[in-house]
Amino acid sequence: MVTPVLVSGDGTLVYNGGPVSATVPAVRDEAIDTTGDARGSFSLAGVSVAYGKDLVIEGVDMHIPPQAVTALIGPSGCGKSTLLRCLNRMNDELGNVHIGGTITLDGQSIMGKAMDPVELRMRVGQVFQRPNPFPMSIYDNVAYGPRTQGVRRRGELDGLVEESLKGAALWEEVKKSLKKHAFELSGGQQQRLCIARALATKPEVILMDEPASALDPISTQQIEDTIAELKSSVTIVIVTHNMQQAARISDRTAFMLRESLEEPAHLVEIGDTKKMFTNPDDERTESYITGRFG
Amino acid sequence: MSRLGRTRQARTAEAVARVLTGTVALSVVAVALFIFVYIVYNGIGALDWTFISEVPRDRGREGGILPVIVGTLYVTLTTAALTLPIGVLAGVYLAEYAPRNFTTRAIRLAITNMAGVPSIVYGLFGLAAFVLLAGFGRSIIAAALTLTCMTLPVVITATEEALRQIPQDLRQASLALGATRLRTIYKVVLPAAAPGIITGSILGLARAAGETAPILFTGAVFQMRRLPDGLSSQFMSLPYHIYAQVTSVPGWNRTLVWGTAFVLVAGVSIVSVIAAWWRSVQRRKVKW
Ligand SMILES: Nc1ncnc2c1ncn2[C@@H]1O[C@H](COP(=O)(O)OP(=O)(O)OP(=O)(O)O)[C@@H](O)[C@H]1O
Ligand SMILES: [Mg+2]
């Protein structure tokens, strides 16, 4: 399918002659004005994403409040991972991705030349679907981010490693074997190691793309407990296919939907998780959550 | 045919295939083993302290092969020092940076073709380019540069393939932590790919150590009383020594020539075995 997409001079997406965000009625997000001075809040306005000429997300307006868990839900292929990757500019690595609209982190634009992706990624960490520790020791995995930032002093690194492993609830299990190769850990432990690794750069936000979907129920439980602990200090944005999980761990839920392959996906509804799961405004949200499609 | 009959037929075909492929595989092993045993059987008699510590006498019919061994080591190590950095950098470019376009395809095609050029042609090219045009004369450096041209495609391909084995996940993890492309490559991707790169490179260099044609015109000599004393020195070499004995020394000493072959094969095998062992140790540590 070819959708006529152009990127205009200032980087905004133009679609069928007009700016993309103007062609869709934006979903109102009441939480937008509650930034305060806490660190780690995102605001998205009219965000659209195209892979080459294929527009896959259109006109997303959303506020991601600090120090809370925001869940992104929606059927497969509706652009959850794509939207998540906009928040730490990992889409840049794919090449041929065009992003329109504005995204700000704590009021500062993260788009284009306004933000160095390398700096952004130290502030916005990511945990992937499959545990992906580096082929090195547990210690070196966690110390990788700080070392990248130039931390060299042994004492400082030791402190960061311990603190991060504690943050990911892995410290007790590995404190005697920090030199052990990371691949000797179980899948669930590896995923918590990846969380620790992301924590070590002291990020304001951690993005998680289905972090527990490759894990057993007990490891999933541990990851969920970790997330609950973490949200007092970092903002968490999590993509999940598991409705119970979204309901259990998130404060806010955003539902995205791509109604047909010919149209891009958009944000259907965003709101407090409790309300989204008990009394959503949109009936498509309700049918998705109750499992009627997707 | 009944269903039972068909199953039985399939089972027979299966058995035949197993025996046939097994026999062929075993014969290959048998031939390799025979060559190896034959060299050891004929060459081991020459091995003593004199053989490896003295210079050849009476045009190689007597004495030892010390300058021959040293010459081969010298040329091969120089080749390694030239090939590894260039080959690894080129492989990194192809695997990590090269855009998918016409130029990249042309580069790959050129590398594939380079690997297919016969070694005598490299010898001729080395004579024209390094000995004459660049003015190195017949020397270790001219021979090593010629062998580098021949070995580069192997090292580049080994590097590129080893890098492609590294899961994309790992690169993403590093980038997402705020590492640059460059840091991701030298801290995560290259170390993880090192076993593959090193094993592949050693195989290429082992082949270079045993080649006669590329060094024939570019620096190998029949007889030298002293050891090579620098990169512009000429040199003796194991494969060329065997060739020269058999073709131009009437009454050549059978034991000493087989002994020379044994030293060459043993040297190459020892390095390959160490590389294979090291790789398997790394493999056990690193599973994707
Ligand atoms: N690298 C890419 N190049 C081109 N198209 C892509 C790329 N990644 C994703 N897409 C397309 O973008 C759309 C959204 O994909 P995305 O992976 O963001 O969906 P998702 O909601 O995360 O799906 P899932 O729940 O299956 O993970 C899909 O139509 C997909 O085919
Ligand atoms: Mg996804």
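So that the names make sense, note that chain A is the first sequence line, chain B the second, and so on, each numbered from 1. FYI, side chains are in, hydrogens and waters are out, and symmetry mates aren't considered; it's all heavy atoms of this structure.
- Residues A/Pro133 and B/Leu170 come closest through the heavy atom pair O-CD2, 3.2 Å.
- Nearest heavy atom pair, residue A/Asn88 against residue B/Ala176, reads ND2-CB, 4.4 Å.
- In this structure, A/Met122 and B/Leu177 have side chains that are not in contact, with every pair of non-hydrogen atoms separated by 4.5 Å or more.
- Using a 4.5 Å cut-off between heavy atoms, A/Arg197 touches chain B through backbone and side chain atoms alike.
- A/Arg152 CZ: more than 12 foreign heavy atoms inside a 6.0 Å radius.
- A/Asn132 places a side-chain N or O within donor-acceptor distance of the main-chain N or O of B/Asp169, the cut-off being under 3.5 Å.
- Neither the backbone nor the side chain of A/Arg89 comes within contact range of chain B; no heavy atom of the residue lies under 4.5 Å from a heavy atom of that chain.
- Listed options A/Glu119, A/Arg121, A/Met90, A/Met136 were ranked by heavy-atom pairs under 4.5 angstrom with chain B; first place goes to A/Arg121.
- Summarising the local packing, OH of B/Tyr97 is surrounded by more than 12 heavy atoms from other residues, nucleotides or ligands at distances under 6.0 Å.
- Atom NZ of A/Lys176 has 12 or fewer heavy atoms from other residues, nucleotides or ligands within 6.0 Å.
- If you measure heavy-atom distances from A/Val124 to chain B, the contacts under 4.5 Å come from the backbone alone.
- What you find for A/Phe134 and B/Ala173 is that their closest heavy atoms are CE2-CB, 3.8 Å.
- Atom NZ of B/Lys187 has 12 or fewer neighbouring heavy atoms from other residues, nucleotides or ligands inside a 6.0 Å radius.
- Looking only at side-chain heavy atoms (C-beta outward), B/Leu175 and A/Pro117 stay at 4.5 Å or farther from each other.
- For A/Phe128, the part lying near chain B is the side chain, with the backbone staying farther off; criterion is any non-hydrogen pair under 4.5 Å.
- No side-chain heavy atom of B/Gln172 sits under 4.5 Å from any side-chain heavy atom of A/Glu93.
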